[in-house]
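What follows is one structure encoded as structure tokens, with my remarks underneath.
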2 protein chains.
Amino acid sequence: MARLAQVSTATVSRVLTGAKPVSADLAQRVRDAAAHLDYRPNPAAQVLLSGRSHTVGVVVPDLANPYFAEVLKGATPAAAERGWRTLVADTDEDPEVEYRAATELGRWVDGVMLCSPRMSTLRLRELATKLPALVVVNRLVRHPSVAAVLVDYHQGMTQLCAHLASLGHRRLVYLQGPPHAWSDGQRRRALRTAAGRGLDVVQIPCGSTAPDGHRVAEEALGHKPTAIVAFNDYVALGVLSRLTELGVTVPHDVSVTGFDDIPLSALTPPGLTTVAVPKRTVGRLAWERLATEGAGPSTTATSVPVELAVRGSTAPPGQGRR
Amino acid sequence: MARLAQVSTATVSRVLTGAKPVSADLAQRVRDAAAHLDYRPNPAAQVLLSGRSHTVGVVVPDLANPYFAEVLKGATPAAAERGWRTLVADTDEDPEVEYRAATELGRWVDGVMLCSPRMSTLRLRELATKLPALVVVNRLVRHPSVAAVLVDYHQGMTQLCAHLASLGHRRLVYLQGPPHAWSDGQRRRALRTAAGRGLDVVQIPCGSTAPDGHRVAEEALGHKPTAIVAFNDYVALGVLSRLTELGVTVPHDVSVTGFDDIPLSALTPPGLTTVAVPKRTVGRLAWERLATEGAGPSTTATSVPVELAVRGSTAPPGQGRR
DNA sequence: GTGAAAGCGCTAACAC
DNA sequence: GTGTTAGCGCTTTCAC
């Protein structure tokens, strides 16, 4: 390459990085040769020398969950705009895999974006000291070097409860999310507050997928609620399916709500009442927190607002069961 | 590190890689020091030296599509078992982004897994010469250095048609997938054969998502089919939603089929008749083809069988519309 | 069985 | 403005 252009390797580097001025003549020769050979600097050598890979690692509990896929679709293009890559790891909801994936990624990348981590706070703090930079999505971590982007689940659930209460609902069943999910805790905190205001809330363990919702729907019904509040939309879809099988009509016999607002939610008759979360925005913001690392104390968490989306799956109760 | 253990860096390397025998005494000192410092070899340096990153790049058109998320969940653990990483890129169905992503990944990784590529065959061949190794999923490429893993969509669609024909269906509407999708071509090839055997098939452009299916369902109905054959399950779910809105009963008024067998398909009443594709197996096989690169001529494509899954969304036609 | 040293490809510091 | 050189951290000769 340098030989073809008859210049030193340093000159090639200067032309390609634009770090120092090079005479027009040489610069052209270098560019011609580079184009001719389809030459690109070896990334490994660049990383070794600079210690920076311009890559951010993204760790998610489950890529098949549309929520995280969307977060990724927010983060990746935002990063690409500045010439950064994203490297994704799926942990299958396993806290141990999560920790290992983050640690290992940390050796390659300049920063890690940890989405809805299931690991303990202790290990999370450990990670903070090991990784070059860390931003956590959907989990509050009090640590000077950990940035956080938080969706306001508490506010969303509060709005959902207010909506149901205003329709006249008094008895709800809440289908809990995965264990150790911070976002589940936020939702439940809001439910406790709502319960203090006269709403009767039964909670049952469930999960985060449609099969989970399908499985527990009948049990939920056993508690005679007027509304079933699912951890997220995907779970709610499973609930709706099961209710249909059971001959229970929504919202006539029981109301159902979700959370997140995935594409199917608007379509599935009668339309799922949910809380819209700007998922791509979450991804973009998380990337930005990582990119502007050091531009200020990261102790403040970025909060992302949500919006109630009322559709056909909620209605006043009390028409009674058939 | 080497200083702490009072040995040369070469000895450290030999202990850690296990390349050459080292006396028990030294080996223990090295291991202790490594554990104490939580030492790990710098990956960039290893890559620079060896030219191998033990990383495979996976390029998919859309991560939000459960299909590709599942393929990934097949490939990643299989690769991890051998100490390999996967690096994922989402191209948003854009052939240009796809080419760039694969090319750029190729500089980092030891091989690229290109899933359902939308780019032209010409560019695909170009890629083959640029990349260290290439396996293509769901696309037939005749090139000596390109391995292929193909799902037998043709066979699946043939079975689906046979099933519908045996129920007595004579007029179908097929909702086409994304342009340039090889798998769509395979399905259509099977449909043409079926058409030659007396099945009347109307094809209309659609896409690969639930909103796509929702959008075109009414148009499909306009062709007065007794069955609607969707490109995939996700599309079919959109169709089912729209039909419900329109007061059209499945399978009484019209039968509906999907393809792929995603988790929701089994749940959604009345249960979606579809073709089950072993998605994780596809991912695993693709990884294996990449890993055993050079272990033989890659000109033969690996074919993955599929299986018809009959559920409630298909039934004999002819009860007529209400 | 062990250490010293070369060199992977690149960029920054240092001559000229 | 340009070339020469050192050195990023590792593994692999090559000597001993």
Side-chain angles (χ1 to χ4, degrees), chain A residues 1-55 83-85 103-111 130-132, chain B residues 1-55 82-85 103-110 130-132:
Chain A
M1 160 67 199
R3 222 162 55 220
L4 177 62
Q6 295 173 326
V7 296
S8 73
T9 60
T11 300
V12 171
S13 172
R14 286 194 270 257
V15 172
L16 265 44
T17 63
K20 292 243 167 146
V22 171
S23 72
D25 172 38
L26 287 198
Q28 198 50 52
R29 284 225 302 278
V30 169
R31 269 190 284 269
D32 287 349
H36 185 60
L37 300 172
D38 194 25
Y39 169 84
R40 302 229 165 234
N42 181 321
Q46 289 179 309
V47 173
L48 178 58
L49 188 59
S50 69
R52 325 207 66 243
S53 61
H54 297 280
T55 302
W84 283 57
R85 283 163 281 277
T103 309
E104 221 208 273
L105 273 179
R107 307 213 28 95
W108 275 98
V109 304
D110 297 338
K130 282 191 173 187
L131 299 177
Chain B
M1 162 64 197
R3 222 163 53 218
L4 177 63
Q6 296 172 326
V7 296
S8 74
T9 60
T11 301
V12 172
S13 172
R14 287 195 268 256
V15 173
L16 266 42
T17 62
K20 293 241 165 148
V22 172
S23 72
D25 172 39
L26 287 198
Q28 198 50 54
R29 285 226 302 278
V30 168
R31 268 189 285 269
D32 288 350
H36 185 60
L37 299 172
D38 193 25
Y39 169 85
R40 304 225 163 237
N42 181 322
Q46 289 179 310
V47 173
L48 178 58
L49 187 59
S50 69
R52 324 207 69 241
S53 61
H54 296 279
T55 302
R82 292 229 224 151
W84 282 58
R85 284 165 280 279
T103 310
E104 221 206 275
L105 273 179
R107 305 214 29 97
W108 274 99
V109 304
D110 296 339
K130 282 191 173 187
L131 299 177

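No experiment lies behind these values; they were computed from the predicted model shown. Labels below follow one simple rule: chain letters A, B, ... track the order of the sequence lines, proteins then strands, and each chain is numbered from 1.
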For residues 39-51 of chain A, please give each side-chain donor-acceptor pair under 3.5 Å, one per line with the distance, not counting sequence neighbours.
unit_1   : atom_1 : unit_2   : atom_2 : d
Asn42(A) : OD1    : Ala44(A) : N      : 2.8
Asn42(A) : OD1    : Ala45(A) : N      : 3.3
Ser50(A) : OG     : Gln46(A) : O      : 2.8
Ser50(A) : OG     : Arg52(A) : N      : 3.1
Ser50(A) : OG     : Arg52(A) : O      : 3.2

Problem set entry | Any Leu26(B) side-chain heavy atom under 4.5 Å of Arg14(B) side chain | no

Exercise. Under a 4.0 Å heavy-atom cut-off, which of residues 18-25 of chain B touch DNA chain C?
Worked result: Pro21(B), Val22(B), Ser23(B)

For this session: Applying side chain to side chain donor-acceptor pair (under 3.5 Å), name anything that partners Arg29(A), two or more places apart in sequence or on another chain.
Result: Asp25(A)

Problem set entry | Inter-residue atom distance Arg107(B).CZ - Lys130(B).NZ, 0.5 Å rounding | 10.0 Å

Problem set entry | Whole angstrom value for the distance that separates P of dC10(C) from CH2 of Trp108(B) | 13 Å

Seminar exercise, completed: Residues Ala5(A) and Ala33(A): closest non-hydrogen pair is CB-CB, 3.9 Å

For this session: With rounding to the nearest 0.5 Å, note down the distance linking CG in Leu37(A) to CG in Asp32(A).
Result: 10.5 Å

Exercise. What is the minimum heavy-atom distance between Gly106(B) and Pro132(B), and which atoms define it?
Worked result: O-CD, 3.7 Å

Exercise. Of all heavy-atom pairs between Val30(B) and Val12(B), which one has the smallest distance, and what is that distance?
Worked result: CG1-CA, 4.1 Å

Seminar exercise, completed: d(Thr11(B) OG1, Gln6(B) CD) to nearest 0.5 Å is 12.5 Å

Problem set entry | Strand-adjacent residues in residues 30-38 of chain B, judged by heavy atoms under 4.0 Å from DNA chain D | none

Problem set entry | Dot-bracket notation for DNA chain D, counting Watson-Crick and G-U pairs under 3.5 Å, with | for partners on another strand | ||||||||||||||||

Problem set entry | Base versus backbone protein contacts along nucleotides 4-10 of chain D [heavy-atom cut-off under 4.0 Å; B, S, -] | B--BBBB

Exercise. Taking all atoms of both residues into account, what is the closest heavy-atom pair of Trp84(A) and Asp110(A), and its distance?
Worked result: CH2-OD2, 3.5 Å

